[in-house]
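What you see is a predicted model, and the numbers here were worked out from it, not measured in a lab.
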Amino acid sequence: MTAAVEVKVEETQVAVDTEVAMVIPQENTKNVVVDETKKGDDDADQVMNGDTDSKPATVQKSSSYREESNFLSDLKEFEKKALTELKSKLEEAILGNNMFKKDEPKKKEIEKAEKSVKEEETETKDQEIEKNQELEEEMKKPDEEVQEETKKPDEEVEEVVVVDKDVSIYGVPLLPSKGSEATDVILLKFLRARDFKVNEAFEMLKKTLQWRKDSNIDSILEEDLDLDLTSAFHMNGVDREGHPVCYNIYSAFSDEELYSKAFGDEQKRKKFLRWRVQLMEKGIQNLDLKPGGVTSLLQINDLKNSPAPSKKDLRVAMSQAVSLLQDNYPEFVARNIFINVPFWYYALNALLSPFLTQRSKSKFVITRPAKVTETLLKYIPAQEIPIQYGGFKRENDFEFFPGDDEVSELIVKPGTTETIEISSPEAGGILIWDVTILGWEVNCKEEFVPNDEGSYTVIIQNKKKMSSSEKPIRNTFTNNEAGKVVLTIENSSSKKKRVLYRYKTKKSVA
């Protein structure tokens, strides 16, 4: 039987960015929230360094979120001072055995005491007389013997204080004198979460350690919670900075059966919270908690077809998750990107915004459905974005592997046509290609053109209107003679289009 996760929603000021479930900041928040829906198509110009060159080019990498440095040499003086003070307080508390609350009497001892009282109350009069007689006999003993017996228990009692110098969190030792670089990284997370106020950061750390102890979090990865919520929450790929990406897909809870399993009653909601904490712990296993390492995650929150705000059980569970994860996993999220945001999303601000600080909100990115792929590409490379979001990542993909999946880019101006050529100088090859077009609404045609002028062109895909609902194209062609695959993209719209593509060739198996 697993321990329940203790949920505390006491503080309205939390300074951490972790799992923010269906949390949208205020509509009038300025210089805090990046609303990608208000940006035009000028980003395409920036990628190509102007619209004068329409030749294919490798997709330029754009910085997602560079984490604040954890190197001591990069810290400001007041930050160094705060870190030194926190380490001193922590060292003293650990060696003084003051990091945790004193253990309360064990349950068995309480039951034994209650049983003893009950037995005394039910003793018969004869038993009381017998005890009195025994007491009289005791009184007759020599004074020295009585004194010896009364002293003996005191002499045998020795208070033994065991100091746990191996106190750790997220697998990182906390005793500063052990000299672990990772210790500074963790302490800086707590300090940043509390604006480098040492006492507040120290209290936050103590509460987190106590919660982890009370809820047996250190062993949570070994638990089988008998609950599968991977359709709603899962880790998938990394962003441009190497942050593991966690996807939170709320449309999964439109499934009444899954909704009931997760939020049907209080016990199920507790299990849901524990499952979500377990996923967070799994994500932390993929981090490098050292100076210069990747020390946080990227969150993608997909609100498409998510349950209406009227779903009370979902709201309650999510608000608990926000409080729980923020209080105990400070600064573990680099960015929180909200995609497919519906019109009613602003109403949710009143629900969870009080639990978020400006620091948390400053890492929010909000985008409408039409800008999902464009927004994600700023933070995540195309080959790491799942195909449902316009990228090239497919489950169990046996065609493209890391190292052979470089993505190129082409800009197609309004009213123009561009082509992509995939050469195959030898016969007997298999050509494979992926194409995604931001905004779509273009005409696409795929054909194989032989090198031999006497041969016929092979139509792979007739000219077809591609709508915005289309997923990325993947196609293959086996050539029986040397030639090239030509992809023709015709843009008849009034807006330029960004075309991302990759391809590879391999020998056909005889």
Side-chain angles (χ1 to χ4, degrees), residues 7 17-25 27 33 35-37 225 227-237 244-264 268-280 282-283 297-326 329 333 335-353 355-356 360-361 363-373 375-376 379-380 385-391:
V7 180
D17 339 71
T18 297
E19 161 60 10
V20 181
M22 298 181 70
V23 182
I24 308 296
E27 185 174 6
V33 180
D35 191 340
E36 298 293 345
T37 66
L225 296 176
L227 180 64
D228 185 6
L229 298 176
T230 52
S231 60
F233 309 103
H234 60 268
M235 309 295 297
N236 189 353
V245 182
C246 180
Y247 288 86
N248 308 293
I249 306 170
Y250 297 102
S251 61
F253 293 117
S254 295
D255 183 325
E256 290 298 328
E257 183 178 352
L258 184 66
Y259 187 95
S260 177
K261 285 182 179 179
F263 313 118
K268 290 178 180 178
R269 286 193 291 273
K270 286 182 178 180
K271 181 181 285 190
F272 158 74
L273 289 172
R274 194 160 185 85
W275 187 94
R276 190 59 190 84
V277 169
Q278 186 184 66
L279 180 63
M280 190 66 187
K282 289 178 180 178
L297 311 173
L298 181 75
Q299 296 273 7
I300 306 296
N301 304 283
D302 187 356
L303 303 186
K304 183 178 182 180
N305 298 326
S306 56
S310 59
K311 291 279 191 179
K312 180 181 177 182
D313 294 332
L314 176 61
R315 294 202 324 269
V316 171
M318 289 302 151
S319 63
Q320 289 176 333
V322 169
S323 178
L324 184 68
L325 294 171
Q326 284 198 134
Y329 298 91
V333 167
R335 279 284 190 197
N336 248 308
I337 303 177
F338 294 82
I339 61 175
N340 293 313
V341 174
F343 285 102
W344 49 259
Y345 81 98
Y346 291 112
L348 292 174
N349 173 61
L351 173 66
L352 295 174
S353 187
F355 299 104
L356 303 169
S360 294
K361 293 177 184 179
K363 298 178 184 179
F364 285 179
V365 175
I366 314 298
T367 187
R368 288 286 192 190
K371 296 285 186 178
V372 169
T373 305
T375 299
L376 293 183
Y379 304 95
I380 309 172
I385 299 175
I387 57 171
Q388 62 265 37
Y389 299 124

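For Arg335 and Tyr379, the positive end is not near the middle of the six-membered ring at less than 6.0 Å and at most 45° from its axis. For the pair Lys311 and Tyr259, the cation-pi test (distance below 6.0 Å, angle within 45°) is passed.
Here the CE-CG distance, from Met280 to Leu297, works out to 5.0 Å after rounding to the nearest 0.5 Å. Arg274 CZ to Arg276 CZ: the interatomic distance, rounded to the nearest 0.5 Å, is 14.5 Å. Rounded to the nearest 0.5 Å, atoms CG (Leu325) and CD (Gln299) are 8.5 Å apart. Note that the CG atom of Leu225 and the CG atom of Leu279 stand 11.0 Å from one another [nearest 0.5 Å]. We find the CG-CD1 distance between Leu376 and Ile385 to be 5.0 Å, quoted to the nearest 0.5 Å. Expressed to the nearest 0.5 Å, how far CZ of Phe272 lies from CZ of Phe253 amounts to 5.5 Å.
Proximity of a side-chain donor or acceptor of Arg269 to a complementary backbone N or O of Phe263 within less than 3.5 Å is detected. Between the side chain of Trp275 and the main chain of Leu227, a donor-acceptor pair closer than 3.5 Å is present. The main-chain N or O of Arg315 is found under 3.5 Å from a side-chain atom of Ser319 such that the two form a donor-acceptor pair. Between the side chain of Ser254 and the backbone N or O of Ser251 there is at least one donor-acceptor pair closer than 3.5 Å.
In this structure Lys261 satisfies the salt bridge (charged side-chain N to carboxylate O under 4.0 Å, His left out) test together with Glu257, sequence neighbours excluded. Taking the side-chain hydrogen bond (donor to acceptor under 3.5 Å, both in side chains) definition, one finds that Asn236 meets it with Lys393, sequence neighbours left out. Contacts of Asp302 classified as side-chain hydrogen bond (donor to acceptor under 3.5 Å, both in side chains), with partners at least two apart in sequence or in another chain: Asn340, Tyr389.
When side chains are defined from C-beta on, Asn248 does not count as touching Ile300, because their heavy atoms never get closer than 4.5 Å. Taking 4.5 Å as the limit, every side-chain heavy atom of Thr367 sits out of range of all side-chain heavy atoms of Phe338. Using a 4.5 Å heavy-atom cutoff, the side chains of Ile339 and Leu303 are not in contact. Side-chain contact between Leu298 and Pro244: absent, with no pair of heavy atoms (C-beta onward) separated by less than 4.5 Å.
Of all non-hydrogen atoms in Leu273 and Ala317, the two that sit nearest each other are CD2-O, 3.8 Å. Contact between Ser231 and Ile249 at its shortest, heavy atoms only, is O-CB, 3.9 Å.
Checked options Val365, Ile366, Asn301; the residue passing with Asn336 is Asn301 (criterion: side chain to side chain contact (heavy atoms under 4.5 Å, CB included)).
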